[in-house]
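For this chain, numbers begin at 1 and follow the sequence in order. Treat the numbers as computed from the prediction; the structure is a model and nothing was measured.
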Amino acid sequence: METDTDLAPAVESILEAARERPGGDEVVDVDARSLPDAVARAEADGRVPVIAEVKPTSPTADGTRDDDPVELAEAMVDGGATAISVLTEPSHFGGSTESLTRIREAVDVPVLRKDFLLREAQLDAVAADLLLLIVRFLEPETLGELVAASRERGFQPLVEVHSRAELETALEAGAEIIGVNNRDLARLEVDLETFESVAPYARRMTRLDESSSEAARRVPDDVTLIAESGVSSPADVRRMRAAGADALLVGSAIMDHGAVDSDVTENTRRLVEAEDDET
Ligand SMILES: O=C(O)c1ccccc1NCC(=O)[C@H](O)[C@H](O)COP(=O)(O)O
């Protein structure tokens, strides 16, 4: 885990708020919708698997969208989204756990809880199909505990990395769904080369076989690899897919914060259909 001094001030502020946020009153028990199955269905339909993000605002957004989160999520699904990511962080992203619950009731695709989770009790704030765990903010031991605690509750943990070293930590923690974030949390800049640098390594690298501390085996192909952040055009989609992305997580380009009433369905569709002319 990096120290807070390596982080952008906005991220330090996000973490400070996250440390104060309470957990849930009861341990949740989720019957999760499978993300890998949803990705496979999208591929079979000829759709690029896009996880569309309901992100009312953010430290780097041009503005705030006050639209009803459920209407936004439904519009994204109409545009072909494979899954929905919902920011539940309230103070920097305008999100809420209530929005996530309403969205999960309204759509039939998997729903990711996008938040900055630091301890086990925070997993219980709301039921979702997937939970985000960010390697940079967690000690390796805590990451392993939260991956296990997520699965005990029925969640699919999506473990986020930004470098090859973090990828190794994620795999050691048992991650099977890995997001490579193109956004550098030290400077808040996005660079699609991040995914291009980490993804081939993810496909190539080895990890210790559970049955032997000596033997190594290849990372199984069933690791789902997601390119996160900075994808804004069909060309970006094709670039990330060529680099090995099973799915893409896209917020800003779909929410289009600066343009009031921008059509979220169309914004999703043009990314989902990015490979249509490529065959
Ligand atoms: O989006 C931000 O401004 C941001 C700032 C500080 C920490 C995290 C931030 N974003 C979280 C995310 O991971 C993105 O919402 C997600 O990957 C989608 O990214 P994008 O498509 O670039 O909106």
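A 4.5 Å side-chain heavy-atom check between V126 and R104 finds every atom pair outside the cut-off. The side-chain heavy atoms of P110 and L130, taken from C-beta on, include a pair separated by under 4.5 Å. Inter-residue side-chain proximity for L167 and L171 is flagged as met; some heavy-atom pair is nearer than 4.5 Å. Residues T194 and N181 are not in side-chain contact: their nearest non-hydrogen atoms beyond the backbone lie 4.5 Å or more apart. Side chains of L7 and F137 form a contact here, defined as non-hydrogen atoms less than 4.5 Å apart. Side-chain contact between R21 and R119 is absent, with no heavy-atom pair separated by less than 4.5 Å. Contact annotation: the side chain of V50 never approaches that of T82 to less than 4.5 Å [non-hydrogen atoms, C-beta and beyond]. Counting heavy atoms from C-beta on, the side chains of V86 and P69 never come closer than 4.5 Å.
Under the rule for a salt bridge (Lys or Arg N to Asp or Glu O under 4.0 Å), the partners of D184 that lie at least two apart in sequence or sit in another chain are R187. For D67, the salt bridge (Lys or Arg N to Asp or Glu O under 4.0 Å) criterion is met by R65, not counting sequence neighbours. By the salt bridge (Lys or Arg N to Asp or Glu O under 4.0 Å) test, E160 is found to be paired with no residue, residues two or more places apart in sequence or in another chain being considered. With sequence neighbours left out, D68 forms a salt bridge (Lys or Arg N to Asp or Glu O under 4.0 Å) with R102.
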Before giving the answer on side chain to side chain contact (heavy atoms under 4.5 Å, CB included), spell out for V28 and L123 the whole-Å C-alpha distance, their side-chain angles and the decisive distance to 0.1 Å.
-> CA-CA 8 Å; V28 296; L123 309 186; 5.9 Å; no
For side chain to side chain contact (heavy atoms under 4.5 Å, CB included), just list the numbers for E228 and L132, CA-CA rounded to whole Å, side-chain angles, deciding distance to a tenth of an Å, and then say yes or no.
-> CA-CA 12 Å; E228 299 180 12; L132 184 76; 4.2 Å; yes
Evaluate side chain to side chain contact (heavy atoms under 4.5 Å, CB included) for E74 paired with V107, printing each intermediate quantity in order.
-> CA-CA 7 Å; E74 288 174 334; V107 301; 4.3 Å; yes
Take T60 and V190 through the test side chain to side chain contact (heavy atoms under 4.5 Å, CB included) and record every step on the way to the result.
-> CA-CA 11 Å; T60 59; V190 286; over 6 Å; no
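Remark: E120 CD to E152 CD distance equals 7.0 Å, nearest 0.5 Å. The CG atom of D78 sits 11.5 Å away from the CD atom of E71 when rounded to the nearest 0.5 Å. How far CD1 of I177 is from CG of L112: 9.5 Å, rounded to the nearest 0.5 Å. Interatomic distance, L87 CG to K114 NZ, rounded to the nearest 0.5 Å: 6.0 Å. How far CG of L185 is from CG of L15: 8.5 Å, rounded to the nearest 0.5 Å. Atoms OG and CD, from S252 and E53 in turn, are 7.5 Å apart once rounded to the nearest 0.5 Å.
Side chain of Q156 to backbone of R33: a donor-acceptor contact under 3.5 angstrom is found. Side chain of H257 to backbone of S58: no donor-acceptor contact under 3.5 angstrom is found. The closest donor-acceptor contact from the side chain of R238 to the backbone of A274 lies under 3.5 Å. Using modelled atom types, no side-chain atom of S13 and backbone atom of P9 make a donor-acceptor pair closer than 3.5 Å. The backbone N or O of I14 lies less than 3.5 Å from no partner atom in the side chain of E89, so there is not a single donor-acceptor pair. No donor-acceptor pair under 3.5 Å is formed between the side chain of D129 and the backbone N or O of A32. Between the side chain of R151 and the main chain of V147, no donor-acceptor pair closer than 3.5 Å is present.
Of all non-hydrogen atoms in L100 and A127, the two that sit nearest each other are CD2-O, 3.0 Å. Of all heavy-atom pairs between L188 and V11, the closest is CD2-CG2, 3.7 Å.
Heavy-atom neighbours of E266 CD from other residues, nucleotides or ligands within 6.0 Å: above the threshold of 12. Within 6.0 Å of CG in D108 there are 12 or fewer heavy atoms belonging to other residues, nucleotides or ligands.
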Pairs of donor and acceptor atoms involving the side chains of residues 39-47, under 3.5 Å and at least two apart or interchain, shall be tabulated with distances.
from : atom 1 : to   : atom 2 : distance (Å)
E43  : OE1    : R241 : NH2    : 3.1
E43  : OE2    : R241 : NH1    : 2.9
E43  : OE2    : R241 : NH2    : 3.0
D45  : OD2    : R47  : NE     : 3.2
D45  : OD2    : R47  : NH2    : 2.8
R47  : NH1    : G80  : O      : 3.0

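Just one residue in the list D263, N267, T268 forms a side-chain contact (heavy atoms from CB on, under 4.5 Å) with T265, and that residue is D263.
The list of ring-ring contact (aromatic ring centres under 6.0 Å, His included) pairs with a residue in residues 70-107, not counting sequence neighbours, reads F93-F116.
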